[in-house]
Amino acid sequence: MMKVVIVGGVAGGATAAARIRRLDESAQIHVFERSGYVSYANCGLPYYIGSIITDPEELTLQTPESFWKRFRIHMHVHHEVTAIHPERKTVTVLNRETGQTFEEAYDKLLLAPGAKPIVPDFQGLIPDGVFTLRTVEDTFRIRQFVEKNKPRSAVLAGGGFISLELAENLREMGIEVTIVQKLNHLLNPMDYDMATFLHGKMRSRGIQLVLGKSVAGLSAAREGIQIQVENHPPLTADMVILAIGVRPDSSLAKDAGLALGAAGSILVNDRMETSLPDIYAVGDAVQIRHQVSGKDVRIALAGPANKQGRIAADNICGGDSHYAGAQGSSIIKLFDMTAAVTGLNEEAAADAGIDYDKVYLSPSSHASYYPGAKTMTMKILFERNTLRLLGAQIIGFDGVDKRIDVLAAAIYAGLSARDLTELDLAYAPPYASAKDPVNLAGYLIENLSDGRIKQISWEQINSLPQDGSALLLDVRTPEEYKKGHLEGFQNIPLDELRDRLSTLDPAKPAILLCQSGLRSYLGCRILAQHGFSCSHVAGGYLLCQSVFSDREPAARHLPCGKEV
């Protein structure tokens, strides 16, 4: 009879335990979880604080009792493994309720300790009202504090997924929320330009953003908690959430002599085996391979952890399963907006040494003639020569989840941008257009690669010549142009362009702009076939407005534009 000990009973650990039982009815399985809960949904925790999820039992998918009833798995909560002894194949376990310790033997050991919140080494005592959010117990403490103290203000240190979900829930409860983020934008997996749409949404809901700054210290104050911020006036709030990020909880592995990888993560191979025999590791604590770049990375998401748990279980039971890596597909709801990413962003593509390019498009969520269609903005990264898909980012409302999943599958399958044009995707007016946004992305990249269109990015706008040496044309309607436009751009609506060709000098390069990029593409096709050298502004006015307004949040229109 094989005896398996699992350290950690949340995503990867719980998945592995159940899989081992399905493969081996005779195995003896012991799971040691230091918290009081197993198989809980980390991503659901902010929604319990905000009372979207009202029953605390809904946070846990299983209980120790249900695991025993269904799987005959010994789930030991409030039990912390404090040491591993590979030489004699035992672990030391602390019963956190009684204070007693004991040794447990194993034939196979699986480490699924997860990650722990980063808490800066602030000088002095951390005042009451400061929290991290990682476990169910953390969630209960925050909710109890909110219910008892009725805080009017909160500062969240960090701008990742959990922080933003918590910010939304606290704001919906009427609490004034400020987010302090070290990066110059929210959500690290996104590029700055796409994240500006999120910035606009958060600010429109009354959430203050302090970007490009770090929390340097905390202290008790008469008004609540004073938060010291680098190169910024101090902030004051009734409560503080430290959501700066997480680091691998790998101290057990390190002390046992297991090889470590990036940022102290546990080094594993594609069978989820560590450097020592009969010891496996999965989840947020391990280093894995990025499917797109091939680089070693840490991706702290539930999806990869569950897949890794299943693969480790197969191999523990004598199988030969291999983990292909992850590409970081993720999605978040922020009020009525949805943001999603998969694959590489620009920084990651550059770090991997990939010669990449990018396109933007802003299609409707479904057929525009069917009521309720809403615009989404998509950014697709691809390898310049091969047109291999590298990554995607989407901001919108309806239909974002569908498109990011299609693109994630396409990236996993190694499809090129040209392949996107051939995907046979479901169409009905309430759900999509006959040319789905995913198809349109393929058409756009194909046109760019085949030389039918040239583009400039928003980063180049401020370097465009304003001396008349180039034709800067805004091909939107006069009504759109009056609401706001880029400085120096002359308004010639697309439908009037052919009639006004005689007023334009074909010796001058033409730069065309429209709302999202479609009409400027059509305009460039007209001009190119009349002897003009033409480029259009990728992403159009919609993207430029979001980016440039982000730098002056109070401005109604672009800093580089004007009303007429």
Side-chain angles (χ1 to χ4, degrees), residues 193 355-363 377-380 382 384-385 387 417-418 421 435 439-548 557-564:
D193 48 14
D355 183 18
Y356 72 92
D357 205 347
K358 59 191 176 184
V359 295
Y360 305 85
L361 61 158
S362 297
T377 297
M378 305 172 65
K379 179 178 184 178
I380 314 294
F382 59 95
R384 201 181 299 272
N385 293 327
L387 302 192
R418 292 189 194 276
T421 68
K435 296 176 183 177
N439 300 132
L440 294 177
Y443 296 142
L444 179 53
I445 296 172
E446 186 178 67
N447 286 335
L448 187 65
S449 176
D450 292 345
R452 296 190 186 96
I453 187 66
K454 293 183 289 185
Q455 64 182 18
I456 68 167
S457 66
W458 61 266
E459 295 100 325
Q460 299 170 276
I461 292 294
N462 287 329
S463 62
L464 293 178
Q466 300 285 333
D467 58 3
S469 60
L471 300 173
L472 306 182
L473 305 179
D474 187 325
V475 296
R476 297 177 299 158
T477 65
E479 292 75 21
E480 290 173 297
Y481 184 80
K482 288 179 181 178
K483 292 179 180 178
H485 58 269
L486 296 183
E487 187 174 355
F489 276 74
Q490 174 189 358
N491 183 217
I492 299 181
L494 175 63
D495 293 341
E496 299 177 17
L497 188 58
R498 290 185 181 88
D499 297 330
R500 296 173 65 172
L501 287 175
S502 61
T503 67
L504 304 176
D505 184 355
K508 296 180 179 180
I511 310 294
L512 268 61
L513 171 76
C514 70
Q515 189 69 10
S516 64
L518 175 59
R519 283 173 288 177
S520 58
Y521 161 68
L522 297 175
C524 273
R525 294 304 304 147
I526 294 171
L527 293 181
Q529 295 176 78
H530 286 85
F532 290 77
S533 173
C534 187
S535 302
H536 82 145
V537 179
Y541 186 81
L542 183 67
L543 178 65
C544 291
Q545 184 181 42
S546 183
V547 171
F548 292 123
H557 298 291
L558 296 191
C560 55
K562 60 182 180 181
E563 289 185 88
V564 295

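- Note: Leu497 CG to Leu501 CG = 5.5 Å, rounded to the nearest 0.5 Å.
- The stretch residues 527-538 participates, sequence neighbours left out, in no salt bridge (Lys or Arg N to Asp or Glu O under 4.0 Å) pair at all.
- Phe382 CZ to Ile445 CD1: the interatomic distance, rounded to the nearest 0.5 Å, is 5.0 Å.
- A cation-pi contact, defined as under 6.0 Å to the ring centre and within 45° of the axis, links Arg476 to Tyr541.
- Identified under the salt bridge (Lys or Arg N to Asp or Glu O under 4.0 Å) test for residues 505-531, with sequence neighbours left out: Glu480-Arg519.
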Take Ile453 and His536 through the side-chain contact (heavy atoms from CB on, under 4.5 Å) test and state the conclusion after the steps. CA-CA 8 Å; Ile453 187 66; His536 82 145; 3.7 Å; yes
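- Taking the side chain as every heavy atom from C-beta outward, Ile461 and Cys544 approach each other to under 4.5 Å.
- The closest donor-acceptor contact from the side chain of Tyr360 to the backbone of Ser457 lies at 3.5 Å or more, if one exists at all.
- Heavy-atom minimum distance, Ser535 versus Ile456: CB-CG2, 4.2 Å.
- To the nearest 0.5 Å, atoms CD1 (Ile511) and CD (Gln455) are separated by 11.5 Å.
- In this view, Asp450 and Arg418, Arg452 satisfy the salt bridge (Lys or Arg N to Asp or Glu O under 4.0 Å) rule, not counting sequence neighbours.
- To the nearest 0.5 Å, atoms OH (Tyr521) and CD1 (Ile526) are separated by 11.0 Å.
- Annotation: side chain of Leu361 is not in contact with side chain of Tyr443 (no heavy-atom distance under 4.5 Å).
- Thr503 contributes a side-chain N or O that, together with a main-chain N or O of Arg500, makes up a donor-acceptor pair within less than 3.5 Å.
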Could you go step by step and tell me if Asn462 and Phe548 meet the side-chain contact (heavy atoms from CB on, under 4.5 Å) rule? CA-CA 11 Å; Asn462 287 329; Phe548 292 123; 3.9 Å; yes
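- Taking CG from Asp357 and CG from Asn385, the interatomic distance works out to 10.5 Å, rounded to the nearest 0.5 Å.
- When side chains are defined from C-beta on, Leu513 does not count as touching Leu473, because their heavy atoms never get closer than 4.5 Å.
- Judged purely by atom type and a 3.5 angstrom limit, Ser449 has no side-chain atom pairing as donor or acceptor with the backbone of Glu446.
- The shortest heavy-atom contact between Leu527 and Ala510 is CD1-CB, 3.9 Å.
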Pair Tyr481, His485 - check ring-ring contact (aromatic ring centres under 6.0 Å, His included), show working. CA-CA 6 Å; Tyr481 184 80; His485 58 269; 3.9 Å; yes
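- Listed by chain and residue number, Thr375, Thr377, Ser516, Leu542 satisfy the side chain to side chain contact (heavy atoms under 4.5 Å, CB included) test with Ser362 (two or more places apart in sequence, or in another chain).
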Yes or no on side-chain contact (heavy atoms from CB on, under 4.5 Å) for Thr421 and Asn439, after CA distance, side-chain angles and deciding distance? CA-CA 5 Å; Thr421 68; Asn439 300 132; 5.7 Å; no
CA sep, side-chain torsions, deciding dist, call: Asp193, Trp458, side-chain contact (heavy atoms from CB on, under 4.5 Å): CA-CA 9 Å; Asp193 48 14; Trp458 61 266; 3.1 Å; yes
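- Going from atom NZ of Lys379 over to atom NZ of Lys358 covers 4.5 Å, rounded to the nearest 0.5 Å.
- Between Leu512 and Phe532, the closest side-chain pair of non-hydrogen atoms is not below 4.5 Å.
- Applying the disulfide bond (SG atoms under 2.5 Å apart) rule to pairs touching residues 477-524 yields Cys524-Cys534, sequence neighbours excluded.
- Across all their heavy atoms, Asp467 and Ser469 have their closest contact at OD1-OG, 2.6 Å.
- Scanning for side chain to side chain contact (heavy atoms under 4.5 Å, CB included) contacts around Pro478 gives Asn491, Pro493, with sequence neighbours left out.
- Counting heavy atoms from C-beta on, the side chains of Pro363 and Lys435 never come closer than 4.5 Å.
- Closest approach of Lys454 to Leu448, counting heavy atoms only: CA-CD1, 4.4 Å.
- Looking at heavy atoms from C-beta onward, Ile492 lies out of side-chain contact with Asp474 at the 4.5 angstrom threshold.
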